[in-house]
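Order of the sequence lines fixes the chain letters, A, B, ..., with proteins taken first and strands second; residue numbering starts at 1 for each chain.
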Amino acid sequence: MIGDNNPWGMFVENVRRLLREVLPAHEIRLEEPPENLGDVAFPTFNIAKKVGENPVSVAKRVAESLNSKIDGAGWVDRVEQKGPYVNFFVNIKKMAEYTIPLILNLDTAYGHLRPRGKKIVLEHTSANPTDALHVGRARNPIIGDTMARILRAAGYDVETQYYVDDLGKQAVILAYGMHELGYDADSSPYMRASRLYEESEEHRARVDDWLRRLEGGDKEVVEKVRRACLEMMENRILPTLERINVRVDVLAYESQFLEKTREVIENLRPYCGKDNGALYIDLSPYGIEEKVYITRSDGTSLYATRDIAYHLWKLERGDVIINVLGEDHKLESYFVKTAIEKILGIEADIRVLFYSFVTLPEGRMSARKGRVVYFDALLDEAVERARKEVLKRREDMDMSRIDEIARIVGVGAVRFNIVRIQPEKKIVFRWEDALNFEGCSAPFVQYTHARACSILRKGGGYDSAKAPVITHEREIRLIKLLSKYPSVIEYSAEFMAPHKVAQYCVDLATEFNQFYRDCPVIHSEGEVRNTRLMLVDAFRITIRNALDVLGITAPEEM
RNA sequence: GGGCCCGUGGCCUAGCCUGGAUAGGGCGUCGGCCUCCGGAGCCGAAGGUCCCGGGUUCAAAUCCCGGCGGGCCCGCCA
């Protein structure tokens, strides 16, 4: 906690310390009590059992001896026994005096924890650049980029990578389509080439020839395929990612790892079975009854093998590897991890965040079957919808500003809607959900931020040197929630739970709206007014930081 | 067939790792709130076998076992 600027964390640490003094021999597990019963709770069931006493009397005794230790000047204001629980109440005066200036001073740094001195290489998206991104794939960059931001906030050095497959058959088909068939406005080069590959002997023969030449290292073909992939990345994939505030640090091309792949095959060979000249690894000693091939009969490598080489390269660049992958990659991912750690015996910290697919109500998206919603189309629709909403209420605003806000709100809505759901749950894409602008949504949170900005514009400044004076329950609740933000970052980073940050945004915005309803700011006076202005600003800073971690911009007006 | 994941009011979802005090939110429905800091907001109401059945436990949405339903994987594809 030290160095994390984590006010709530300090309070909780203090509770633990107090409990350890009274109960040195016991494990201390805290929980959050229901509304109004306290700020943290200590249940006494387990320890009562160990001591052979009833929980209520243990709670009574613990509460009593704790109360005699508390002088009211520390983080803990008081302790109450309620049934088998010992409930701790935070010293709200101290919390306010610590938290509010902390947030105001740290500003953009509030919620950034101490540097960990560790570098994480985080791979996400890595979609084959054969076609534009569709909504079914959109979850990957959104979860990946959000995790990268969370981990950076949590104090890690993070490098994001996109793995571009420019060696597989689909890359050859793409290149063939682009270089040999020319452009056609109606269908993508990949789709056309793919159809011809299936339908025409002649084209298939030529593509297969390219593929052989590619694997043989034919300069001309390698160059053509690489250029085709690069072109698709630059024209189709990266611009779409850019629209949702996702920028990838490193594009790693699969063709970079040919040499390393050969080494991997040689190192793995002693552990391989052989089937018709093809090498495979039997995973049954590692708990899964599967064979995974690492070469074809002709000795050429397979995707998983090259992925191992790529992982070894990532290990050279960082201390920890994190991959954001669709659940269909579970077996492949397990294989890569097992091969590196167990078979090659290389020490590696490889973590994987799997997510379930986004599907349409009719089923899985498929460009070939024409059952697809392109991500750009969704973004266009969301931005258009946002623009209509802005126009409805802001007749005074000039067009370029309206466009800017519509983009911020529309993009935010889309990102939020996907990241708010726990990754392992599947998402059925429905337009009405994706374009939801109220309740549990980015526009709701952004609106609250704009409201706070509006108050601050009209409030005309405050004196941050003055100590806060708390007079209302809503102020207390707001301060507590604000003080928990660093803990949210810490938790989300540790458990790779990006949806927790989204949830926090909604909770905090909701709390602020209640404060807004009950506590006049501009129309109050003296210390109360000064305190509330500081509080509004602290809220503004915190919600803006939290949205930023979600890759969502907080507009000052909308 | 085997493995992994998911199953919480009409719909979506948090909580599940680490069992504990009235299962939190949101959408939708119904009823209220702008002479007052931005109504993309707020308040209230109705609505629940936490998929089912066993087990462990003083205590299970949470842990274990067995079902059922859905998703994903089981390719010399990626």
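Taking a pair to require two hydrogen-bonding distances under 3.5 Å in either a Watson-Crick or a G-U wobble arrangement, C42(B) pairs with G32(B). Checking G9(B) for Watson-Crick or G-U wobble geometry (two distances, each under 3.5 Å) identifies no partner in any strand.
Nucleotide U13(B) holds its C1' atom 14 Å from the NZ atom of K426(A), rounded to whole Å. R139(A) has its CZ atom 12 Å from the P atom of C6(B), to the nearest Å. L481(A) places its CG atom 14 Å from the P atom of G25(B), with the value rounded to the nearest Å.
Among C42(B), G15(B), A21(B), the nucleotide with an atom closest to any side-chain atom of T510(A) is C42(B). Comparing C72(B), G38(B), C37(B) against the side chain of F357(A) picks out C72(B) as the nearest.
Judged by atom type and distance alone, N87(A) reaches the base of A21(B) through a side-chain donor-acceptor pair under 3.5 Å. On a pure distance criterion of 3.5 Å, a polar donor-acceptor pair joins the side chain of S297(A) and the base of C76(B).
Tested against N323(A) for a side-chain hydrogen bond (donor to acceptor under 3.5 Å, both in side chains), the candidates H311(A), H124(A), Q161(A) yield a single pass: H311(A).
Residue whose closest nucleotide on RNA chain B sits further toward the 5' end, between S356(A) and H523(A): S356(A).
If you check every strand for non-hydrogen atoms under 4.0 Å, P43(A) touches nothing.
With P as the reference atom, G44(B) and G3(B) are 49 Å apart, rounded to whole Å.
Neither OP1 nor OP2 of U57(B) sits under 4.0 Å from any side-chain N or O of K49(A). The phosphate of C36(B) (OP1 or OP2) has no side-chain N or O of R517(A) nearer than 4.0 angstrom.
Taking the syn range as angles within 90° of 0, the glycosidic angle of C34(B) is syn.
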